[in-house]
Amino acid sequence: MKVPAAARNRARELHAQLHEHNYRYYVLDEPLISDAEYDDLLRELQDLEETYPPLTTPDSPTQRVGAEPVKAFGEVRHALRMLSLDNAFSDDELADFDRRVQAALGRAQVDYAAEPKLDGLAVSLLYESGVLVRAATRGDGSTGEDVTQNVRTIASVPLKLEGSGVPDSLEVRGEVYLSHAGFHELNRQAGAQGQKLFVNPRNAAAGSLRQLDPAITARRPLEMYCYGVGKVTGGKLPGTHSGVMAQLAGWRLRVYDDIRVVHGYSGCRAYYRHYEKIRGDLPFEIDGVVFKVDRLDLQDELGHVARAPRWAIARKFPAQECETRVLGIDVQVGRTGALTPVARLEPVFVGGVTVTNATLHNQDEIDRKDVRVGDTVIVRRAGDVIPEVVRVVPKRGRRRGPAYNILATHPVCPVCGSHVHKAADEAVVRCSGGLFCAAQRKQAIKHFASRRAMDIEGLGDKLVEQLVDRELVNDVGDLYTLSVDAVAGLERMAEKSAANLVAAIEASRQTTLERFIHALGMREVGESTAQILAREFGDLAPLMAADVESLQAIHDIGPVVAQYIVDFFAEAHNRGVIDKLLGSGIRWPRTGRPAGSKLAGKTFVLTGTLSVPRNELKARLQALGAKVTGSVSKNTDYVVAGDNPGSKYDRAVELGIEILDEASCMALLEKS
Ligand code: D41
C-alpha cells in the first residue's frame, strides 16, 4: 500500500510527541500535558494507522494497548546468562562478603554501587538498533519465556531508545513489579468482579506478565526498573555499574534515582540502615538492598560461582515473624528417605502469604525448641524459603501436650511401612525402603524432571504422584517409554496435554552431561557439584568408574561426597536405571575435556589487563578442560599475567607457580 508523504510525516510527529509525553509521565514523573490531550494524540495516530496499516511499526506508541492473544509463550535463549543474587541476612554476612571481595581483589577498600532490591520478577529486554524487539522472563537463567507483547504494554519500558551512542544490540536486565497502589487497585477491581484476589504484589506482577492475552496485561499497572545489562555489541558502555546505569537513563530507560556509590562495608551498612528506615514510605515493596562492585573490570576479575556473581550481594531485610498455633505434626518423606517433621498450623498471614505449614527440620531441632502439638509458636518466613517454626511462646497455666518424638510416632515409614533408622552421627531419621518407598521414588522423579535437572516441562508434582501410584512409572527410566495413551488416561489429562507431556519428555533427551549428573539425584551432588564432575570427567563412563581417591583428588569434592558418589554407582539398581536411560536415547554434546588435552584439569588464574576479553580467554581455557579460579593458591598451575598485574602475581612468585604472559598462554592454547 502506498502511504502519502503527509500521513507518513504526521505519524512520525505523533510518534515523537507520544514517546516524549509517555517518557515524561511514566519515567520522569513530570507530565507536560493532560491525560485527555495525550488520548487525543494517541487516537489520531490510531486512526492514521488504521487507514494506512504500513504505519504500524513495532515501536509505535499504539503498540502498548496489547496485541492478539497467544496460545503459549515461545522460548528465548538469553545471549548472556541471567545470574541470580547471593543473600546476606545479617551485618556479619555483609562484612564477610566485603572481606571476600577485598581478599580476592587484593584491595583494602572497594566501592560498591548500592540500590534497593525490588520484589518483582526479573526480565531481559533486547534492543536492536535502539528498538525493543524482544522481552523475556528470566526462566532458569539461560532460557526464559518470550513475553515481548506483554512487556510492550508496560508504559515505563521505552519501545525505542533515544540519544547518542545507542549500541547496535543491547540486552537490558531489570525488575518488573507492581507498586502498592497498583496492587491495591488491581485487587479492588478483582474483588468487585468477584474474582480471586492476589496474595501479594509480587505474585500479581508475575501473573500479569504471564498472561497469554496482552490486552489483559495492558490493563495491569506494571512498572519496571533496570538494574543491569547483558550482552552488548556495537557500542561502548562506561566502565562502572553506576556509570552504565546513568547511561541507560540517558537513553530513556527507567533507572532508580537513588543508586549510590558507597565505600566499603561501612558505606554499605549505612545505605542498608537508611532503606530499612524508609522502606515503608516507598511506593513499592522492597525486600532488601543490593550491593555490586562498581568497577566492571573488578567484577570481571571476581567472576561468578555456579549461578551467582561473586561481585554482588543482596542484603535482605530480616524475615517476617508471626504468632500462631500448632495443630499437629506431620511427617514428609524426601528423596533420600529423610523424614522431615512439619508443623500443621492455624493459617496466618506472614510476609505476604498465608502460611499453613512450617518445617521443624528434624528431631534435634524439635528437642531444642521443645515444640509440641497445641503450642503457640513464632513462625518465620523469609523470601522464597520454606517457613519455619522459630520458637515456642510460653503460655502460663496452659497444660501442654506430650513431647514429640518422631521415632515413637513413626517407627516405620508413613508411606511404605519400611523401618526407619537414625544414624548416630546424623540428626535425620531415614526410611530404609529405598526405591521400594513410593515417596522416595516420587521425589526422585520430581527432582529428575525439575527445571535445573532434565527440565521436563509439564511434569509437575501431581502428575508424578499419579504416574507412580498407577505404576506407570517406577523409576526415571520408565519416563521415556510412556505413551500418549497411557498418560491420557490420567486425571485431568486431555489428549492434547498428554501429547505435550510426551513431547516434552522426548525433547529432554537432548541434554548436557552436568544436567544429567544433577538429575540422577546423588546425595550432596547439587547443580554446582554436577558441573564440576562433568568438567572433570568429560563423560559419564569415567565418572561411573571413578574410585573414592580419584574423586577426592578433585578440588571441592570431600571424602563424604566422594563416598556417596561411589556408593550410588555401585548400586546395581542405579546402574540398571542408567542403562535404561542411555538406551532410550539420552545424549549430550561431548564438550567434555578431550582426552588428550594437556590443559585438562589444570587450574589457571588470570590477572592484570589482557588484550582479549577476560571472559573469552576463560571460556577458551574451560573448553579445553581447564579450570579458571579467582585467587592464587598452591593448587594453581598457571598464572596468566597481563599488564599491571596485582598482588596475584606476587603471590604466584612467592609460591613458585608458573607465570605465563599473554602470548605464551595463547601459544599454549594453540598447541592444546
Ligand atoms: O531490584 C532487584 N530485584 C535486583 C535484582 C537488583 N537491583 N539487582 C540485581 N542484580 C542482579 C545481578 C547482580 C545478578 C545482575 C537483581 C538480580 N541480579 C536478579 N533478580 C532476579 C534474579 C537476579
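Below, all heavy atoms of this structure are taken into account, side chains as well, without hydrogens, waters or symmetry copies. Remember, it's 1-based here, ligands and their atoms both numbered in the order they're listed.
Every pair passing salt bridge (Lys or Arg N to Asp or Glu O under 4.0 Å) that includes a residue from residues 211-225 is listed here, sequence neighbours excluded: E223-R254. Pairs of residues two or more places apart, or lying in two chains, that qualify as salt bridge (Lys or Arg N to Asp or Glu O under 4.0 Å) and include a residue from residues 133-143 are D140-R515.
Aromatic ring pairs are classed by plane angle as parallel below 30°, tilted from 30° to 60° and perpendicular above 60°; the pair Y256 and F284 is perpendicular. Using the six-membered ring where Trp is involved, Y275 and Y271 have ring planes that are tilted, between 30° and 60° apart.
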Going through the checks in order, is the side chain to side chain contact (heavy atoms under 4.5 Å, CB included) test met by W311 and V101?
CA-CA 7 Å; W311 44 264; V101 168; 5.9 Å; no

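Every side chain to side chain donor-acceptor pair (under 3.5 Å) that E145 has, sequence neighbours left out, goes to R210.
Listed by chain and number, L83, S84, L85, E115, P116, K117, L118, A122, R138, E175, Y227, V290, K292, P309, W311, A312 each place a non-hydrogen atom less than 4.0 angstrom from ligand 1.
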